[in-house]
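Order of the sequence lines sets the chain letters (A, B, ...), proteins ahead of strands, with each chain counted from 1.
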Amino acid sequence: MRIATWNVNSIRARVDRVIAFLERHDVDVLAIQETKCRDDQFPHLPFEAAGYEVAHVGLNQWNGVAIASRVGLQDTEIGFDGMPGWGDPVGAEARAISAVVGGVRVASLYVPNGRSLDDPHMAYKLDWLGRLAEYAGGRLSTAPDEPVVLMGDWNIAPEDEDVWSMAFYENKTHVSEPERAAFRAVLDAGFSDVTRAHTPGPGTYTYWDYTRLSFPKRQGMRIDFALGSPTFAARVTDAFIDRDERKGKGASDHAPVIVDLAD
DNA sequence: ATGGTTGAATATCAA
């Protein structure tokens, strides 16, 4: 089974490219982030025509996460128990959805950006990740053998080699110690990064800012990850980043991350 | 070209 994750930065602007990607790489399941649309705006028809069913949650033009699968899609859960909210009034955002696909519980996650180190959104980001670690860890202690993968845009570069320049990111988000500690807390809850061993750095990135000619200058960040439970991680045979998807007109600012799983 | 790009409630906000 082949499972991928991709922050598409608007599914309506990118749907042709996403379908072509699924077919080109023979992908069974895709966790999608930043659909940037409401449920009633999601372009279901192209997915159905390509043989995929989709579970999506989108409340407005921001965030929005989905799972597309051609190997079944059951037991969809929106958000997770304890997920913090945002806004005025405070409410749940469309940042987490999970479903059982091909016997694996896949979660598509869009971790809050943080905006800047002293922004209230950073406290929200850390709280959100802390609650996620708590929820996922608790679930794992109840069902230690369940194959689970937490995949998506984590908005964190966990290692120095995951950014093109640590000097550039001094006092910026994505590399701060509290963010990295929040990421490690998910690992400490029993999950492991199943992609890094197959996509070694340095210079291995999944995101390049649209500005500053970041992509041609190879000035990127690795912030998209798949964190697997023990039984999921044991089945991973390969992973790769499709850097070609960042090329050309109409590209998302993120490249997809693809994970291969033994049957 | 040198403070840059993209996408969404088309007016700013978010990334």
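A:Asp188 pairs by the side-chain hydrogen bond (donor to acceptor under 3.5 Å, both in side chains) definition with nothing, not counting sequence neighbours. By the side chain to side chain contact (heavy atoms under 4.5 Å, CB included) test, A:Ser165 pairs with A:Ala167, A:Phe168, sequence neighbours left out. In terms of the side chain to side chain contact (heavy atoms under 4.5 Å, CB included) criterion, residue partners of A:Asn9 (sequence neighbours excluded) are, by chain and number, A:Asn7, A:Arg14, A:Glu34, A:Lys36, A:Tyr210, A:Ser252, A:Asp253.
Between B:dA14 and B:dT10, the distance separating the two P atoms is 16 Å to the nearest Å. B:dA9 and B:dG4 are spaced 26 Å apart, taking the C1' atom of each and rounding to whole Å. To the nearest whole angstrom, the two C1' atoms, one in B:dT6 and one in B:dA11, are 16 Å apart. Taking the P atom of each, B:dA1 and B:dT5 are spaced 13 Å apart, rounded to whole Å.
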All N/O donor-acceptor pairs, side-chain side in residues 18-25 of chain A, below 3.5 Å, sequence neighbours left out:
{"unit_1": "A:Arg24", "atom_1": "NH2", "unit_2": "A:Asp242", "atom_2": "OD2", "d": "3.2"}
{"unit_1": "A:Arg24", "atom_1": "NH2", "unit_2": "A:Glu245", "atom_2": "OE2", "d": "2.6"}
{"unit_1": "A:His25", "atom_1": "NE2", "unit_2": "A:Asp242", "atom_2": "OD2", "d": "2.9"}

Indicate every side-chain donor-acceptor pair of residues 78-87 of chain A with a distance under 3.5 Å to a residue at least two apart or in another chain.
none

Per-nucleotide protein contact along nucleotides 5-15 of chain B, 5' to 3', at a 4.0 Å heavy-atom cut-off (B base, S sugar-phosphate only, - neither), is BSBSB---BSS
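Looking at A:Thr206 and A:Arg222, their side chains never bring a donor and an acceptor atom within 3.5 Å of each other.
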